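The model shown is predicted, which means the values in this text are computed figures rather than measured ones. The sequence lines fix the lettering, A, B, ..., with proteins before strands; numbering per chain opens at 1.
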Number of protein chains: 2
Amino acid sequence: MNTEEERQAGLAMEGDEDLAGPPTKQELDLNQFLPYRLNSLADRISQALAELYEERYQLNIAQWRILAWLSHCDELTAKKICAYTYMDKARVSRAIQGLEERGLISRTPAPEDQRQQDLHLTAAGRKLLTKLIPEAQAWEAELVATLTAGEYRDLLNVMRKLERQLERIGDKG
Amino acid sequence: MNTEEERQAGLAMEGDEDLAGPPTKQELDLNQFLPYRLNSLADRISQALAELYEERYQLNIAQWRILAWLSHCDELTAKKICAYTYMDKARVSRAIQGLEERGLISRTPAPEDQRQQDLHLTAAGRKLLTKLIPEAQAWEAELVATLTAGEYRDLLNVMRKLERQLERIGDKG
DNA sequence: GCTAGTTAATTTCCTGTGCAACTAATTTTA
DNA sequence: TAAAATTAGTTGCACAGGAAATTAACTAGC
């Protein structure tokens with residue numbers, strides 16, 4: 001009946017008696033476990049936002065990221081995109097393919113190295129972004145509307161710290 | 001040659017001249033765009049940690065989450081796991097299947113409703129967790145080692161706020 | 001200038017997962 | 001209490017994406 005409320009049971013108060021609060025015994029509480037919490041939140045945000053790209057612009061996340069990077073880097077190669085976004089190169093390759101087929105980006109072999117391809121937004125791509133970017137920003141603004149400016153800034157700072165630390169430990173090493 | 005450094009180019013200083021700093025033009029800066037930053041960070045954390053489950057315990061993320069929830073809820077059903085973790089029920093179903101085949105959990109039809117199955121850790125499952133959980137916690141501890149207690153607390157608080165807001169706006173609605 | 005090794009990008013193969021359809025058990029309603 | 005609707009969990013199908021093999025272009029060593 002009330003799937004919405006049930007979905008919240010894990011984090012919110014006990015609502016539906018059938019799904020009474022989980023915190024019970026001992027051992028690992030995933031709700032206190034940062035990797036889980038962070039991933040769960042990020043997934044939900046990403047998926048919610050992905051609907052915006054997908055339904056309204058037929059873009060998947062990889063494609064959207066590439067467009068966004070191109071919107072402020074002007075010229076890129078697949079390799080750079082991999083480096084900046086941490087996406088797999090196969091994923092990037094396929095996303096680029098799709099974007100080119102739709103005429104949103106152009107790719108021309110780099111003069112100095114024929115293996116590389118210089119990627120640029122086309123007029124169509126730029127036009128699409130002038131519509132999409134404000135929508136994405138509006139969505140983000142709504143998401144962070146309850147945060148103070150300080151909280152927002154601190155959040156980004158802490159995330160930067162975590163990124164650094166991630167490079168120090170593990171993360172493919 | 002230096003893939004490590006190149007991977008960092010997006011966020012850190014310009015290092016390899018070939019991959020000089022991206023911030024250039026105008027439009028959307030993904031590094032200031034919370035959904036992207038959050039997802040990127042969470043993915044990297046999740047993937048790094050997933051190697052720990054996968055390589056050493058042959059557990060995928062879904063399976064690990066289920067074990068972890070069982071470690072402190074003692075008895076669960078697939079539905080509850082879906083509600084708590086936001087994972088698709090098919091994914092949960094398959095993960096449960098794998099866990100049962102390996103003898104890490106048991107499932108018995110619930111007496112009061114034969115459609116449901118009560119899930120429990122087996123002795124083997126509990127044993128595995130007594131090894132895995134400390135490792136996961138140690139990994140997390142290392143990850144957050146550079147955060148102060150306050151930063152850590154604030155981070156979780158802000159994340160809770162975002163979760164709330166996410167339920168308010170979009171997120172499947 | 002030729003061979004061996006690298007590197008950028010693509011493609012192949014395969015696994016995991018989301019969606020939707022389905023099965024089986026339960027509840028509702030009439 | 002029989003038929004309709006709902007619900008827990010499973011399965012078929014299709015597709016996204018990661019690992020590794022492949023191709024094409026480049027560089028280094030001789």
Any side-chain N or O of Arg107(B) under 4.0 Å from OP1/OP2 of dA8(D)? no
OP1, OP2 of dG9(D) versus side-chain N and O of Ser93(B): anything below 4.0 Å? no
Honestly, is Arg44(A) close enough over Tyr86(B), meaning NZ or CZ under 6.0 Å from the six-membered ring centre and within 45° of the axis? yes
Spacing of [X] atom [atom1] relative to [N] atom [atom2], expressed in whole Å:
{"X": "Asp118(B)", "N": "dA8(D)", "atom1": "CG", "atom2": "C1'", "result": "12 Å"}
{"X": "Met87(B)", "N": "dG18(C)", "atom1": "CE", "atom2": "P", "result": "9 Å"}
{"X": "Leu119(B)", "N": "dG9(D)", "atom1": "CG", "atom2": "C1'", "result": "11 Å"}
{"X": "Arg65(A)", "N": "dG17(D)", "atom1": "CZ", "atom2": "C1'", "result": "13 Å"}
{"X": "Ile96(A)", "N": "dA8(C)", "atom1": "CD1", "atom2": "C1'", "result": "11 Å"}
{"X": "Leu59(B)", "N": "dG16(C)", "atom1": "CG", "atom2": "P", "result": "12 Å"}
{"X": "Glu101(A)", "N": "dT10(C)", "atom1": "CD", "atom2": "P", "result": "11 Å"}
{"X": "Arg91(B)", "N": "dT15(C)", "atom1": "CZ", "atom2": "C1'", "result": "13 Å"}

Report the nucleotide, chosen from [options], that has the shortest atom-to-atom distance to any side-chain atom of [X].
{"X": "Lys89(B)", "options": "dA25(D), dG9(D), dA9(C)", "value": "dG9(D)"}
{"X": "Asp88(B)", "options": "dG18(C), dA25(D), dA19(D)", "value": "dG18(C)"}
{"X": "Gln114(A)", "options": "dC26(D), dT10(C), dG9(D)", "value": "dC26(D)"}

N/O donor-acceptor pair, side chain Arg115(B) with base dT26(C), under 3.5 angstrom: no
Quiz question: going by heavy-atom distance under 3.5 Å, is there a donor-acceptor pair between the base of dG9(D) and the side chain of Arg94(B)? no
Assign each of Asn60(A) and Asp113(A) the nucleotide of DNA chain D bearing its closest heavy atom; nearer the 5' end lies the nucleotide of Asn60(A)
Walking DNA chain D from its 5' end, the first of Ala62(A) and Pro111(A) to be reached, judged by nearest nucleotide, is Ala62(A)
How are the rings of Trp64(A) and Tyr53(A) set relative to one another: parallel (under 30°), tilted (30 to 60°) or perpendicular (over 60°)? parallel
Polar side chain donor-acceptor pair, Arg65(B) to Asn39(A), under 3.5 angstrom: yes
Polar side chain donor-acceptor pair, Tyr57(B) to Glu135(B), under 3.5 angstrom: yes
Students often get this wrong, so: under 4.0 angstrom with heavy atoms, is Ala78(A) touching a base, only sugar-phosphate, or nothing? sugar-phosphate
Salt bridge flag under 4.0 Å for residues Arg37(B) and Glu163(A): yes
